[in-house]
Amino acid sequence: MATYASRPAWELRARSVIDARIAVPLGLGLLVAVSLLLRSPKLDIGFWIDEGLSVGIADRGIADIPGTLRLDGSPPLYYMLLHFWLGLAGRGEEATRALSLLLALIAIPVAWWGARMLFGERAGWIAAVLAALNPFLTHYAQEARMYALVIVLGLVACVSFVRAFAGEDPRPARRWIASLALSVAALLYTHNWGLFFGAACAAGCVALVVLAPPELRPHRRRDAIIAFGAVAALYAPWLPSLLFQAVHTGAPWGQRPSLDALSTVPEHLLGTTAGVVLLLAGGSGIVTIGQARQGRRLGPEARAVTALAIVALLTILLAFAASQASPAWANRYLAIALPPLLLLAAAGLAAARGIGLAGLALVAVIWAGDPPLADKSNVRDVAEAITPSLAPGDIVVSTQPEQVPVLSYYLPPGLRYATLTGPVKDTGVTDWRNGVERLGRASPEMDLRPMLDALEPGRRLVLISPTIYSVRRWSAPWTELVRLRSEQWNQFVSNDHRFRVIAIEPPSPFPRRRNPVNATVLIKEASG
(Lines give C-alpha, C1' and ligand atoms only; values in the text may rest on other atoms or scores of the structure.)
Protein backbone atom coordinates (compact mmCIF):
# COMPACT_ATOMS: atom_id res chain seq x y z
CA MET A 1 0.00 0.00 0.00
CA ALA A 2 1.40 3.39 -0.98
CA THR A 3 2.31 5.67 1.86
CA TYR A 4 1.31 9.35 1.92
CA ALA A 5 4.91 10.36 1.15
CA SER A 6 5.07 8.04 -1.89
CA ARG A 7 1.95 9.42 -3.55
CA PRO A 8 2.34 11.45 -6.75
CA ALA A 9 3.08 15.14 -6.39
CA TRP A 10 -0.12 16.10 -8.24
CA GLU A 11 -2.18 14.13 -5.71
CA LEU A 12 -0.49 15.85 -2.77
CA ARG A 13 -1.10 19.26 -4.33
CA ALA A 14 -4.73 18.37 -4.96
CA ARG A 15 -5.16 17.29 -1.34
CA SER A 16 -3.55 20.54 -0.20
CA VAL A 17 -5.94 22.60 -2.31
CA ILE A 18 -8.97 20.62 -1.09
CA ASP A 19 -7.83 20.95 2.53
CA ALA A 20 -7.41 24.70 2.11
CA ARG A 21 -10.84 25.02 0.52
CA ILE A 22 -12.33 23.37 3.57
CA ALA A 23 -10.10 24.81 6.28
CA VAL A 24 -10.30 28.46 5.22
CA PRO A 25 -14.12 28.74 5.20
CA LEU A 26 -14.31 26.77 8.44
CA GLY A 27 -11.69 28.90 10.15
CA LEU A 28 -13.16 32.19 8.98
CA GLY A 29 -16.66 30.95 9.77
CA LEU A 30 -15.61 30.14 13.33
CA LEU A 31 -14.07 33.59 13.79
CA VAL A 32 -17.19 35.24 12.38
CA ALA A 33 -19.37 33.21 14.77
CA VAL A 34 -17.25 34.20 17.79
CA SER A 35 -17.25 37.81 16.66
CA LEU A 36 -21.02 37.72 16.21
CA LEU A 37 -21.44 36.63 19.82
CA LEU A 38 -19.23 39.47 21.02
CA ARG A 39 -20.76 42.10 18.77
CA SER A 40 -24.49 41.55 19.09
CA PRO A 41 -25.52 41.75 22.80
CA LYS A 42 -26.08 45.54 22.75
CA LEU A 43 -27.79 45.98 19.39
CA ASP A 44 -31.08 46.82 21.14
CA ILE A 45 -29.97 49.67 23.41
CA GLY A 46 -31.39 53.14 22.81
CA PHE A 47 -30.05 55.36 20.06
CA TRP A 48 -27.85 58.31 20.97
CA ILE A 49 -27.51 61.69 19.22
CA ASP A 50 -25.48 60.57 16.20
CA GLU A 51 -27.60 57.48 15.57
CA GLY A 52 -30.74 59.57 15.59
CA LEU A 53 -29.10 61.68 12.90
CA SER A 54 -28.19 58.55 10.92
CA VAL A 55 -31.80 57.39 10.77
CA GLY A 56 -33.17 60.90 10.25
CA ILE A 57 -30.88 61.58 7.28
CA ALA A 58 -31.16 58.12 5.71
CA ASP A 59 -34.95 57.95 6.08
CA ARG A 60 -35.72 60.28 3.17
CA GLY A 61 -35.50 60.17 -0.61
CA ILE A 62 -32.14 58.93 -1.86
CA ALA A 63 -31.76 61.98 -4.09
CA ASP A 64 -32.38 64.30 -1.13
CA ILE A 65 -29.54 62.95 1.03
CA PRO A 66 -26.60 64.82 -0.58
CA GLY A 67 -28.38 68.17 -0.35
CA THR A 68 -29.49 67.52 3.22
CA LEU A 69 -25.88 66.89 4.23
CA ARG A 70 -24.95 70.47 3.36
CA LEU A 71 -26.60 71.24 6.71
CA ASP A 72 -24.82 68.43 8.56
CA GLY A 73 -21.18 68.42 7.41
CA SER A 74 -20.76 64.75 6.44
CA PRO A 75 -20.28 62.99 3.08
CA PRO A 76 -23.16 60.84 1.78
CA LEU A 77 -22.08 57.23 1.11
CA TYR A 78 -22.96 55.66 4.47
CA TYR A 79 -26.34 57.40 4.64
CA MET A 80 -27.21 56.27 1.12
CA LEU A 81 -26.33 52.67 2.00
CA LEU A 82 -28.35 52.98 5.21
CA HIS A 83 -31.30 54.33 3.20
CA PHE A 84 -31.51 51.06 1.25
CA TRP A 85 -30.81 49.02 4.37
CA LEU A 86 -33.73 50.63 6.23
CA GLY A 87 -35.98 49.69 3.33
CA LEU A 88 -34.92 46.07 3.72
CA ALA A 89 -34.51 45.66 7.47
CA GLY A 90 -36.70 48.35 9.05
CA ARG A 91 -36.09 51.28 11.39
CA GLY A 92 -35.78 49.50 14.75
CA GLU A 93 -32.58 49.74 16.78
CA GLU A 94 -31.43 46.18 16.08
CA ALA A 95 -32.39 46.30 12.41
CA THR A 96 -30.66 49.64 11.84
CA ARG A 97 -27.46 48.63 13.61
CA ALA A 98 -27.34 45.30 11.79
CA LEU A 99 -25.71 47.09 8.84
CA SER A 100 -22.73 48.07 11.00
CA LEU A 101 -22.61 44.56 12.45
CA LEU A 102 -22.55 43.04 8.97
CA LEU A 103 -19.73 45.35 7.90
CA ALA A 104 -17.73 44.52 11.05
CA LEU A 105 -18.09 40.80 10.29
CA ILE A 106 -17.05 41.39 6.66
CA ALA A 107 -13.87 43.03 8.00
CA ILE A 108 -12.70 39.60 9.24
CA PRO A 109 -12.28 37.86 5.86
CA VAL A 110 -11.07 41.14 4.33
CA ALA A 111 -8.33 41.38 6.96
CA TRP A 112 -7.41 37.72 6.36
CA TRP A 113 -7.25 38.29 2.62
CA GLY A 114 -5.21 41.49 2.91
CA ALA A 115 -2.61 40.35 5.42
CA ARG A 116 -2.23 36.99 3.69
CA MET A 117 -1.61 38.71 0.38
CA LEU A 118 0.98 41.07 1.86
CA PHE A 119 2.72 38.97 4.50
CA GLY A 120 1.72 35.33 4.09
CA GLU A 121 -0.66 32.72 5.47
CA ARG A 122 0.26 33.10 9.15
CA ALA A 123 -0.22 36.88 9.03
CA GLY A 124 -3.58 36.41 7.32
CA TRP A 125 -4.97 34.31 10.16
CA ILE A 126 -3.52 36.63 12.78
CA ALA A 127 -5.16 39.61 11.08
CA ALA A 128 -8.47 37.74 10.98
CA VAL A 129 -8.28 37.06 14.74
CA LEU A 130 -7.42 40.71 15.45
CA ALA A 131 -10.31 41.93 13.29
CA ALA A 132 -12.71 39.48 14.94
CA LEU A 133 -11.91 40.59 18.50
CA ASN A 134 -10.78 44.23 18.32
CA PRO A 135 -12.84 46.18 20.93
CA PHE A 136 -12.92 49.39 18.89
CA LEU A 137 -14.52 47.56 15.99
CA THR A 138 -16.78 45.66 18.41
CA HIS A 139 -18.04 48.96 19.78
CA TYR A 140 -18.87 50.43 16.37
CA ALA A 141 -20.33 47.17 15.10
CA GLN A 142 -23.18 47.99 17.49
CA GLU A 143 -23.67 51.61 16.51
CA ALA A 144 -25.62 52.96 13.55
CA ARG A 145 -22.74 55.03 12.23
CA MET A 146 -20.22 54.79 9.41
CA TYR A 147 -17.11 53.64 11.29
CA ALA A 148 -17.34 49.91 10.47
CA LEU A 149 -17.63 50.87 6.80
CA VAL A 150 -14.57 53.11 7.17
CA ILE A 151 -12.56 50.16 8.52
CA VAL A 152 -13.56 47.77 5.72
CA LEU A 153 -12.78 50.35 3.03
CA GLY A 154 -9.53 51.23 4.80
CA LEU A 155 -8.38 47.61 4.75
CA VAL A 156 -9.03 47.36 1.01
CA ALA A 157 -7.28 50.70 0.39
CA CYS A 158 -4.21 49.72 2.43
CA VAL A 159 -3.79 46.40 0.63
CA SER A 160 -4.33 47.99 -2.77
CA PHE A 161 -1.83 50.73 -2.00
CA VAL A 162 0.91 48.33 -0.91
CA ARG A 163 0.31 45.95 -3.79
CA ALA A 164 0.38 48.80 -6.28
CA PHE A 165 3.53 50.53 -5.06
CA ALA A 166 5.64 48.22 -2.87
CA GLY A 167 6.28 45.34 -5.28
CA GLU A 168 9.08 44.83 -7.75
CA ASP A 169 7.14 43.92 -10.88
CA PRO A 170 5.13 46.77 -12.44
CA ARG A 171 2.79 44.52 -14.41
CA PRO A 172 0.77 42.83 -11.62
CA ALA A 173 0.72 46.15 -9.73
CA ARG A 174 -1.36 47.84 -12.44
CA ARG A 175 -4.55 46.00 -11.59
CA TRP A 176 -4.38 47.40 -8.07
CA ILE A 177 -4.46 51.01 -9.25
CA ALA A 178 -8.21 50.88 -9.92
CA SER A 179 -8.81 49.16 -6.58
CA LEU A 180 -6.82 51.87 -4.76
CA ALA A 181 -8.61 54.71 -6.54
CA LEU A 182 -12.07 53.28 -5.90
CA SER A 183 -11.46 52.42 -2.22
CA VAL A 184 -9.87 55.79 -1.37
CA ALA A 185 -12.65 57.66 -3.19
CA ALA A 186 -15.22 55.58 -1.29
CA LEU A 187 -13.50 56.52 1.97
CA LEU A 188 -13.69 60.19 1.03
CA TYR A 189 -17.43 59.78 0.40
CA THR A 190 -17.83 58.02 3.77
CA HIS A 191 -15.96 60.26 6.23
CA ASN A 192 -14.08 63.53 5.94
CA TRP A 193 -11.04 62.09 7.70
CA GLY A 194 -10.60 60.08 4.52
CA LEU A 195 -8.86 63.26 3.31
CA PHE A 196 -6.07 62.67 5.83
CA PHE A 197 -5.85 59.01 4.85
CA GLY A 198 -5.63 59.94 1.17
CA ALA A 199 -2.93 62.51 1.85
CA ALA A 200 -0.99 59.95 3.90
CA CYS A 201 -1.23 57.47 1.01
CA ALA A 202 0.11 60.12 -1.35
CA ALA A 203 3.06 60.78 0.98
CA GLY A 204 3.66 57.03 1.31
CA CYS A 205 3.61 56.78 -2.45
CA VAL A 206 6.41 59.33 -2.69
CA ALA A 207 8.44 57.31 -0.18
CA LEU A 208 7.88 54.07 -2.09
CA VAL A 209 8.90 55.69 -5.37
CA VAL A 210 12.17 56.68 -3.71
CA LEU A 211 12.64 53.18 -2.26
CA ALA A 212 11.81 51.45 -5.56
CA PRO A 213 14.63 50.15 -7.79
CA PRO A 214 15.71 52.87 -10.26
CA GLU A 215 14.27 51.00 -13.23
CA LEU A 216 10.81 50.96 -11.59
CA ARG A 217 10.62 54.60 -10.53
CA PRO A 218 9.18 55.93 -13.82
CA HIS A 219 6.47 53.25 -13.69
CA ARG A 220 5.68 54.04 -10.06
CA ARG A 221 5.45 57.79 -10.72
CA ARG A 222 3.10 57.20 -13.63
CA ASP A 223 0.97 54.81 -11.57
CA ALA A 224 0.77 57.35 -8.74
CA ILE A 225 -0.43 60.06 -11.12
CA ILE A 226 -3.06 57.71 -12.53
CA ALA A 227 -4.25 56.50 -9.12
CA PHE A 228 -4.53 59.84 -7.36
CA GLY A 229 -5.75 61.57 -10.49
CA ALA A 230 -8.60 59.05 -10.59
CA VAL A 231 -9.34 59.71 -6.90
CA ALA A 232 -9.50 63.45 -7.60
CA ALA A 233 -11.81 62.91 -10.57
CA LEU A 234 -14.14 60.64 -8.61
CA TYR A 235 -14.28 63.04 -5.66
CA ALA A 236 -14.64 66.23 -7.70
CA PRO A 237 -18.49 66.20 -7.76
CA TRP A 238 -18.56 66.42 -3.96
CA LEU A 239 -16.00 69.25 -3.65
CA PRO A 240 -18.56 72.11 -3.83
CA SER A 241 -20.49 70.54 -0.94
CA LEU A 242 -17.28 69.95 1.02
CA LEU A 243 -16.23 73.58 0.60
CA PHE A 244 -19.67 74.78 1.66
CA GLN A 245 -19.54 72.55 4.73
CA ALA A 246 -16.04 73.73 5.61
CA VAL A 247 -17.17 77.37 5.58
CA HIS A 248 -20.62 77.02 7.14
CA THR A 249 -20.74 73.88 9.33
CA GLY A 250 -17.42 72.45 10.55
CA ALA A 251 -17.40 70.92 14.03
CA PRO A 252 -18.18 73.75 16.48
CA TRP A 253 -18.63 71.18 19.26
CA GLY A 254 -14.95 70.17 18.97
CA GLN A 255 -11.94 71.36 20.92
CA ARG A 256 -8.29 71.49 19.93
CA PRO A 257 -6.74 68.14 20.89
CA SER A 258 -3.86 68.18 23.33
CA LEU A 259 -0.71 66.11 23.12
CA ASP A 260 -2.36 63.80 25.64
CA ALA A 261 -5.10 63.11 23.09
CA LEU A 262 -2.44 62.19 20.56
CA SER A 263 -0.63 59.91 22.98
CA THR A 264 -3.79 57.97 23.81
CA VAL A 265 -4.58 57.02 20.19
CA PRO A 266 -3.13 53.47 20.58
CA GLU A 267 -5.13 53.02 23.78
CA HIS A 268 -8.41 53.92 22.06
CA LEU A 269 -7.76 51.67 19.06
CA LEU A 270 -6.05 48.72 20.74
CA GLY A 271 -6.56 49.05 24.50
CA THR A 272 -3.86 49.82 27.05
CA THR A 273 -2.52 46.35 27.93
CA ALA A 274 -3.19 44.81 24.52
CA GLY A 275 -1.52 47.77 22.86
CA VAL A 276 1.65 47.23 24.87
CA VAL A 277 1.68 43.51 24.02
CA LEU A 278 1.19 44.24 20.32
CA LEU A 279 3.93 46.87 20.42
CA LEU A 280 6.45 44.55 22.10
CA ALA A 281 5.68 41.27 20.31
CA GLY A 282 4.73 42.79 16.98
CA GLY A 283 7.56 45.30 17.13
CA SER A 284 10.14 42.54 17.47
CA GLY A 285 8.71 40.88 14.38
CA ILE A 286 8.77 44.12 12.40
CA VAL A 287 12.44 44.54 13.29
CA THR A 288 13.02 41.05 11.88
CA ILE A 289 11.22 42.03 8.68
CA GLY A 290 13.35 45.18 8.40
CA GLN A 291 16.55 43.18 8.65
CA ALA A 292 15.61 41.03 5.63
CA ARG A 293 17.22 43.06 2.86
CA GLN A 294 17.84 42.40 -0.79
CA GLY A 295 21.37 43.65 -1.23
CA ARG A 296 21.22 47.28 -0.20
CA ARG A 297 17.48 47.52 -0.73
CA LEU A 298 14.61 46.75 1.58
CA GLY A 299 12.78 43.52 0.84
CA PRO A 300 9.14 43.58 -0.32
CA GLU A 301 7.75 42.86 3.16
CA ALA A 302 9.89 45.64 4.65
CA ARG A 303 8.60 48.06 2.01
CA ALA A 304 5.04 46.97 2.81
CA VAL A 305 5.62 47.60 6.52
CA THR A 306 7.14 50.99 5.73
CA ALA A 307 4.17 51.94 3.58
CA LEU A 308 1.61 50.92 6.22
CA ALA A 309 3.53 52.69 8.99
CA ILE A 310 3.61 55.90 6.94
CA VAL A 311 -0.12 55.71 6.27
CA ALA A 312 -1.00 55.01 9.91
CA LEU A 313 1.23 57.67 11.44
CA LEU A 314 0.62 60.40 8.88
CA THR A 315 -3.16 59.91 8.94
CA ILE A 316 -3.18 60.52 12.70
CA LEU A 317 -0.66 63.37 12.62
CA LEU A 318 -2.42 65.17 9.77
CA ALA A 319 -5.75 64.89 11.58
CA PHE A 320 -4.13 66.21 14.77
CA ALA A 321 -2.51 69.14 12.96
CA ALA A 322 -5.71 70.04 11.10
CA SER A 323 -7.67 69.95 14.36
CA GLN A 324 -5.35 72.55 15.80
CA ALA A 325 -6.44 74.98 13.09
CA SER A 326 -10.08 73.86 12.91
CA PRO A 327 -11.06 71.65 15.89
CA ALA A 328 -12.63 68.41 14.64
CA TRP A 329 -11.03 65.71 16.78
CA ALA A 330 -13.07 62.80 18.11
CA ASN A 331 -11.82 59.38 19.20
CA ARG A 332 -14.41 57.62 17.03
CA TYR A 333 -12.89 59.26 13.95
CA LEU A 334 -9.71 57.25 14.62
CA ALA A 335 -11.42 54.35 12.81
CA ILE A 336 -9.56 55.61 9.74
CA ALA A 337 -6.20 54.62 11.32
CA LEU A 338 -7.19 51.15 12.53
CA PRO A 339 -6.77 49.27 9.19
CA PRO A 340 -3.03 49.96 8.71
CA LEU A 341 -2.40 49.33 12.42
CA LEU A 342 -4.13 45.93 12.29
CA LEU A 343 -2.16 44.91 9.21
CA LEU A 344 1.09 46.08 10.81
CA ALA A 345 0.31 44.15 13.99
CA ALA A 346 -0.44 41.01 11.97
CA ALA A 347 2.83 41.34 10.05
CA GLY A 348 4.85 41.81 13.22
CA LEU A 349 3.23 38.99 15.17
CA ALA A 350 3.64 36.61 12.25
CA ALA A 351 7.33 37.46 11.87
CA ALA A 352 7.90 37.08 15.64
CA ARG A 353 6.75 33.43 15.35
CA GLY A 354 6.45 31.83 18.80
CA ILE A 355 6.61 35.14 20.65
CA GLY A 356 4.08 36.55 18.23
CA LEU A 357 1.63 33.69 18.71
CA ALA A 358 1.94 34.00 22.48
CA GLY A 359 1.30 37.72 22.17
CA LEU A 360 -1.72 37.06 19.96
CA ALA A 361 -3.15 34.63 22.49
CA LEU A 362 -2.75 37.18 25.29
CA VAL A 363 -4.31 39.97 23.22
CA ALA A 364 -7.21 37.71 22.24
CA VAL A 365 -7.95 36.94 25.91
CA ILE A 366 -7.78 40.64 26.84
CA TRP A 367 -9.98 41.75 23.97
CA ALA A 368 -12.54 38.98 24.42
CA GLY A 369 -12.95 40.06 28.04
CA ASP A 370 -13.49 43.73 27.17
CA PRO A 371 -16.56 45.07 29.02
CA PRO A 372 -19.75 45.29 26.95
CA LEU A 373 -20.93 48.50 25.35
CA ALA A 374 -22.82 50.82 27.69
CA ASP A 375 -25.84 52.94 26.79
CA LYS A 376 -24.74 56.24 25.26
CA SER A 377 -27.98 58.08 25.96
CA ASN A 378 -31.07 58.03 28.16
CA VAL A 379 -33.33 59.62 25.54
CA ARG A 380 -35.33 56.43 24.97
CA ASP A 381 -36.03 56.05 28.70
CA VAL A 382 -37.01 59.70 29.08
CA ALA A 383 -39.25 59.56 26.00
CA GLU A 384 -41.04 56.43 27.26
CA ALA A 385 -41.63 58.10 30.64
CA ILE A 386 -43.17 61.32 29.29
CA THR A 387 -45.05 59.96 26.25
CA PRO A 388 -48.31 59.11 28.15
CA SER A 389 -48.75 62.77 29.13
CA LEU A 390 -48.30 64.19 25.60
CA ALA A 391 -50.79 64.78 22.80
CA PRO A 392 -50.50 65.98 19.18
CA GLY A 393 -49.89 69.71 19.06
CA ASP A 394 -47.77 69.85 22.23
CA ILE A 395 -44.37 71.52 21.89
CA VAL A 396 -40.99 69.91 22.58
CA VAL A 397 -38.18 72.40 23.02
CA SER A 398 -34.67 70.92 23.04
CA THR A 399 -31.99 73.27 24.27
CA GLN A 400 -29.40 70.96 22.72
CA PRO A 401 -30.40 71.22 19.03
CA GLU A 402 -28.66 68.03 17.90
CA GLN A 403 -30.95 65.96 20.16
CA VAL A 404 -34.04 66.69 18.03
CA PRO A 405 -33.60 63.79 15.54
CA VAL A 406 -33.32 61.15 18.26
CA LEU A 407 -36.13 62.77 20.29
CA SER A 408 -38.44 62.73 17.26
CA TYR A 409 -37.54 59.06 16.71
CA TYR A 410 -38.77 58.03 20.16
CA LEU A 411 -41.56 60.52 20.95
CA PRO A 412 -45.06 60.03 19.50
CA PRO A 413 -46.07 61.61 16.17
CA GLY A 414 -47.88 64.93 15.91
CA LEU A 415 -45.67 66.91 18.29
CA ARG A 416 -44.09 70.22 17.35
CA TYR A 417 -40.35 70.74 17.86
CA ALA A 418 -38.16 73.74 18.53
CA THR A 419 -34.63 74.52 19.61
CA LEU A 420 -32.83 77.58 20.90
CA THR A 421 -33.24 79.30 17.55
CA GLY A 422 -36.96 78.63 17.10
CA PRO A 423 -39.25 76.04 15.47
CA VAL A 424 -37.75 73.07 13.62
CA LYS A 425 -39.37 71.95 10.36
CA ASP A 426 -37.05 69.04 9.47
CA THR A 427 -36.60 66.93 12.59
CA GLY A 428 -34.32 64.39 10.87
CA VAL A 429 -31.23 66.58 10.60
CA THR A 430 -29.42 69.20 12.66
CA ASP A 431 -28.74 72.47 10.87
CA TRP A 432 -25.11 73.21 11.76
CA ARG A 433 -24.80 76.14 9.34
CA ASN A 434 -23.23 79.07 11.17
CA GLY A 435 -24.47 77.41 14.33
CA VAL A 436 -22.32 79.27 16.86
CA GLU A 437 -23.29 82.65 15.39
CA ARG A 438 -27.00 81.76 15.48
CA LEU A 439 -26.81 80.50 19.07
CA GLY A 440 -24.90 83.61 20.04
CA ARG A 441 -27.79 85.77 18.81
CA ALA A 442 -30.52 83.61 20.39
CA SER A 443 -32.44 84.85 23.44
CA PRO A 444 -35.49 83.52 25.32
CA GLU A 445 -37.32 86.82 24.86
CA MET A 446 -36.93 86.67 21.07
CA ASP A 447 -36.99 82.92 20.34
CA LEU A 448 -38.90 81.27 23.20
CA ARG A 449 -41.53 83.80 24.30
CA PRO A 450 -43.47 83.78 20.97
CA MET A 451 -43.94 80.00 21.25
CA LEU A 452 -45.04 80.24 24.89
CA ASP A 453 -47.51 82.99 24.05
CA ALA A 454 -48.97 81.07 21.09
CA LEU A 455 -49.42 77.81 23.02
CA GLU A 456 -53.07 77.25 23.94
CA PRO A 457 -54.09 76.71 27.58
CA GLY A 458 -54.23 73.00 28.40
CA ARG A 459 -51.34 72.22 26.02
CA ARG A 460 -48.04 70.78 27.24
CA LEU A 461 -44.60 72.26 26.88
CA VAL A 462 -41.68 69.83 27.20
CA LEU A 463 -38.35 71.47 27.91
CA ILE A 464 -35.49 69.02 27.30
CA SER A 465 -31.96 70.00 28.30
CA PRO A 466 -28.63 68.21 28.63
CA THR A 467 -27.63 67.09 32.10
CA ILE A 468 -24.21 68.61 32.70
CA TYR A 469 -21.88 67.01 35.21
CA SER A 470 -18.66 68.78 34.22
CA VAL A 471 -18.51 72.36 32.93
CA ARG A 472 -15.02 71.68 31.56
CA ARG A 473 -16.42 69.18 29.08
CA TRP A 474 -18.87 71.83 27.85
CA SER A 475 -16.31 74.49 26.97
CA ALA A 476 -16.13 74.25 23.16
CA PRO A 477 -17.78 77.18 21.30
CA TRP A 478 -21.00 75.26 20.60
CA THR A 479 -21.29 73.31 23.82
CA GLU A 480 -20.57 76.34 26.01
CA LEU A 481 -23.39 78.26 24.34
CA VAL A 482 -25.72 75.27 24.70
CA ARG A 483 -24.89 75.11 28.41
CA LEU A 484 -25.48 78.83 28.97
CA ARG A 485 -28.64 79.00 26.86
CA SER A 486 -30.05 75.90 28.57
CA GLU A 487 -29.79 77.67 31.91
CA GLN A 488 -31.44 80.80 30.49
CA TRP A 489 -34.30 78.89 28.83
CA ASN A 490 -35.05 76.88 31.97
CA GLN A 491 -35.00 80.00 34.13
CA PHE A 492 -37.24 81.88 31.70
CA VAL A 493 -39.87 79.12 31.71
CA SER A 494 -39.75 78.75 35.49
CA ASN A 495 -40.46 82.49 35.82
CA ASP A 496 -43.55 82.26 33.59
CA HIS A 497 -46.45 81.77 35.99
CA ARG A 498 -48.77 80.60 33.22
CA PHE A 499 -46.99 77.23 33.27
CA ARG A 500 -47.07 74.55 35.95
CA VAL A 501 -44.61 71.65 36.20
CA ILE A 502 -46.37 68.27 36.05
CA ALA A 503 -43.39 65.90 35.58
CA ILE A 504 -39.60 65.80 35.64
CA GLU A 505 -37.70 62.92 34.05
CA PRO A 506 -35.49 61.44 35.27
CA PRO A 507 -36.38 62.43 38.84
CA SER A 508 -32.68 62.32 39.80
CA PRO A 509 -29.59 63.00 37.66
CA PHE A 510 -27.84 60.06 39.35
CA PRO A 511 -26.48 57.53 38.64
CA ARG A 512 -24.55 59.26 35.90
CA ARG A 513 -25.27 58.36 32.30
CA ARG A 514 -23.49 59.14 29.04
CA ASN A 515 -24.93 62.06 27.04
CA PRO A 516 -27.91 62.35 29.41
CA VAL A 517 -30.90 64.65 29.06
CA ASN A 518 -33.58 65.74 31.48
CA ALA A 519 -37.16 66.62 30.56
CA THR A 520 -39.48 69.02 32.35
CA VAL A 521 -43.12 68.66 31.32
CA LEU A 522 -45.29 71.74 31.95
CA ILE A 523 -48.95 72.51 31.30
CA LYS A 524 -50.13 75.94 30.30
CA GLU A 525 -52.89 76.96 32.67
CA ALA A 526 -53.59 80.53 31.57
CA SER A 527 -53.44 82.60 28.41
CA GLY A 528 -51.89 86.03 27.94
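Between Ala274 and Trp367, the shortest heavy-atom contact is CB-NE1, 3.1 Å. What you find for Pro252 and Trp432 is that their closest heavy atoms are CG-CE3, 3.8 Å. When all heavy atoms are compared, the tightest approach of Val482 to Thr399 is CG1-O, 3.4 Å. Closest non-hydrogen pair, Pro257 versus Gln324, comes out as O-NE2, 2.7 Å. Taking both residues in full, the closest heavy atoms of Asp50 and Arg145 are given as O-NH1, 3.3 Å, listed atom of the first, atom of the second, then distance. Heavy atoms only, all atoms of each residue included: Gly254 and Pro477 are closest at O-CD, 4.0 Å.
Atoms CH2 and CD1, from Trp474 and Ile468 in turn, are 5.0 Å apart once rounded to the nearest 0.5 Å. Within the model, atoms CG of Leu481 and CD of Glu437 stand 9.5 Å from one another, a figure rounded to the nearest 0.5 Å. With values rounded to the nearest 0.5 angstrom, Thr138 atom OG1 is found 13.0 Å from Glu143 atom CD. Here the CG-CG distance, from Leu342 to Leu270, works out to 7.0 Å after rounding to the nearest 0.5 Å. In this structure, CZ on Arg91 lies 7.5 Å from CG on Leu86, to the nearest 0.5 angstrom.
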Do Arg513 and Asp375 pass the salt bridge (charged side-chain N to carboxylate O under 4.0 Å, His left out) test, and can you show the C-alpha distance, the side-chain angles, and the key distance before you say yes or no?
CA-CA 8 Å; Arg513 303 281 294 272; Asp375 288 20; 3.7 Å; yes
Evaluate the criterion salt bridge (charged side-chain N to carboxylate O under 4.0 Å, His left out) for residue pair Asp426 and Arg60; output intermediate values, then yes/no.
CA-CA 11 Å; Asp426 187 346; Arg60 61 188 69 215; 2.8 Å; yes
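Side-chain contact between Ile316 and Phe196 is absent, with no heavy atoms from C-beta onward closer than 4.5 Å. Within the 4.5 Å cutoff, the side chain of Pro506 has heavy atoms near those of the Val382 side chain. Put simply, the side chain of Thr96 does not reach to within 4.5 Å of the side chain of Glu51, judged on heavy atoms. Thr430 is not listed as a side-chain neighbour of Leu71, based on a closest heavy-atom distance of 4.5 Å or more.
Between the side chain of Thr315 and the backbone N or O of Ala337 there is no donor-acceptor pair closer than 3.5 Å. Judged purely by atom type and a 3.5 angstrom limit, Arg97 has no side-chain atom pairing as donor or acceptor with the backbone of Ala141.
Ring pair Trp329/Trp193: centre-to-centre distance below 6.0 Å. For an aromatic pair to be called close, the ring centres must be under 6.0 Å apart, and His191 with Tyr333 satisfies this.
The aromatic rings of Tyr147 and Tyr140 lie perpendicular to each other, with more than 60° between the two planes, well past the 30° mark.
Under the side chain to side chain contact (heavy atoms under 4.5 Å, CB included) test applied with Leu360, the options Val277, Leu133, Leu130, Leu278 reduce to a single match, Leu130.
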